[in-house]
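A short write-up of the structure that comes next.
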Amino acid sequence: MNEQFFEHLKLLRNKYREKPQYNLFSVLRSDSDEVRLHSRFLADILNPKGAHNYGDTFLNELLQQLSISLTSDLQVDYEYKNIDILIRSQDTAIIIENKIYAGDQDEQLQRYHQAMTDEGYANIHLFYLTLDGKDASELSIGKLQSEVTNLSYADDICPWIRRCTEIAVRDAPLREALIQYTIIINNLTHRVDNMEHINQLKKLLLAGDNLYSITEINQAYEEIVIDSQVAMWKLLGKKMTERFGDLSNDSISKHHDIKSRVKKYVQVKRNSKYIIQETPLKNYPSFYLFVEQDHRLYFGIYFKDSADGIKGKELPKHDHCYTDFKREDNTFWTYPKKNY
């Protein structure tokens with residue numbers, strides 16, 4: 001494998017690169033808006049009474065994929081008791097917790113499970129939907145270690161949406177909406193949807209002994225990602241310390257082995273879902289400036305105590321938009337439009 005191989009890869013990428021197309025979802029919402037875009041759209045497609053007018057056809061396609069059988073009194077709700085997507089039928093409840101980039105909350109899945117138990121549902125299926133099918137944190141699962149099934153947009157939602165698209169092929173408005181939504185998923189999961197491109201890549205990799213080098217290339221790429229992130233955290237830690245003072249003990253710079261911690265995050269090891277760098281803000285008790293990595297980089301200010309305790313307090317006088325105050329975790333936050 002030589003420079004010519006990589007030049008060939010570049011030529012293929014340029015050949016099959018598609019011009020950005022108009023996408024109504026991207027115009028109206030951020031591609032990663034899990035509540036107002038993804039959960040809302042998916043719930044409507046699943047809902048037998050949804051605007052698509054296909055009854056329970058799309059819902060049954062997903063249920064068959066999940067090996068779940070529901071027969072009558074089908075009901076699909078969006079944000080019912082904070083549950084992203086809830087499917088109910090007689091004594092069965094299906095909970096779908098949708099996570100694009102947001103972090104887990106304390107005992108979140110356990111609380112949703114208990115809410116359905118309290119309503120009398122005997123059969124409760126709990127699904128944790130993420131871009132890549134990663135595990136929910138133990139913090140969120142609570143005592144439900146063996147009762148949560150992982151789903152991914154890449155391997156579960158995307159194939160289901162494609163089947164829905166085939167069913168709706170003669171319904172132009174719905175078909176185009178599903179196609180545009182598939183493009184959103186491909187962008188989020190970094191998937192190439194052009195099979196001609198993929199087949200050309202396969203042909204190139206199978207030529208000569210190119211395939212033998214893939215393992216080394218993957219390892220080298222992972223090391224580059226790890227080294228880049230370690231350098232970023234060290235620089236952030238240095239600058240934050242110079243500007244605001246000592247970092248908190250939860251900060252990555254306080255970890256005895258930063259590279260090992262970053263490596264676990266990159267390799268999506270259990271309970272290593274995010275990394276944080278934070279510092280208390282002087283003269284503003286319980287306020288912290290933070291930078292957090294959880295697929296994306298989030299940065300902002302959070303209030304350490306309860307949400308009620310923030311009333312009447314003076315907010316830190318740093319240039320920042322406070323319009324995105326999240327009451328459930330007392331956080332002011334924003335994030336750039338780039339994945340890490």
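All heavy atoms count here, side chains included; hydrogens, waters and symmetry mates do not.
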Legend entry - Geometric class of the Y302/F290 ring pair [parallel <30°, tilted 30-60°, perpendicular >60°]: perpendicular
Legend entry - Spacing of NE2 belonging to H125 relative to CD1 belonging to I68, to within rounding of 0.5 Å: 4.5 Å
Legend entry - Option among I185, I184, N23 that satisfies the side chain to side chain contact (heavy atoms under 4.5 Å, CB included) test with D31: I184
Legend entry - Heavy-atom neighbours of Q90 CD exceed 12 at 6.0 Å: yes
Inset, instruction - Keeping to residues at least two apart or across chains, list the salt bridge (charged side-chain N to carboxylate O under 4.0 Å, His left out) pairs with something in residues 82-96. - result: D77-R88, R88-E119
Legend entry - Remaining members of hydrophobic cluster (4.5 Å side-chain criterion), V35: Y78
Inset, instruction - Flag yes if more than 12 heavy atoms outside E216 fall under 6.0 Å of its CD atom; otherwise flag no. - result: yes
Legend entry - Other residues, nucleotides, ligands: >12 heavy atoms within 6.0 Å of Q21 CD: no
Legend entry - Partners passing side-chain hydrogen bond (donor to acceptor under 3.5 Å, both in side chains) against E79 (at least two apart in sequence or in another chain): none
Inset, instruction - Indicate whether the side chain of S30 and that of S32 have a donor and an acceptor atom separated by less than 3.5 Å. - result: yes
Legend entry - Test log, rule side-chain hydrogen bond (donor to acceptor under 3.5 Å, both in side chains), inputs E107 and Q114: CA-CA 10 Å; E107 299 183 343; Q114 187 61 50; over 6 Å; no
Inset, instruction - Assert yes or no for the condition that the ring centre distance of F25 to F41 is strictly below 6.0 Å. - result: yes
Legend entry - Check ion pair R111-D118 (N to O, under 4.0 angstrom): no
Inset, instruction - Mind checking the OG1-CG spacing from T149 to L66? Nearest 0.5 Å is all I need. - result: 8.5 Å
Inset, instruction - Could you tell me which residues satisfy ring pair (Phe, Tyr, Trp, His ring centres under 6.0 Å) with H52, sequence neighbours excluded, listed by chain and number? - result: F58
Inset, instruction - Before accepting this row, confirm whether a basic side-chain N of the pair E223/K259 lies closer than 4.0 Å to the acidic partner's carboxylate O. - result: yes
Legend entry - Pair R162 + E166, salt bridge at N-O below 4.0 Å: no
Legend entry - K239 atom NZ: more than 12 heavy-atom contacts under 6.0 Å: no
Inset, instruction - Report the residues that fulfil side-chain hydrogen bond (donor to acceptor under 3.5 Å, both in side chains) with K202, sequence neighbours left out, ordered by chain and then residue number. - result: none
Without placing hydrogens or testing angles, list every side-chain donor-acceptor pair under 3.5 Å for residues 173-183, not counting sequence neighbours.
| unit_1 | atom_1 | unit_2 | atom_2 | d |
| --- | --- | --- | --- | --- |
| R175 | NH1 | V169 | O | 2.7 |
| Q180 | OE1 | L24 | N | 2.8 |
| Y181 | OH | H38 | ND1 | 2.7 |
| T182 | OG1 | L178 | O | 2.9 |

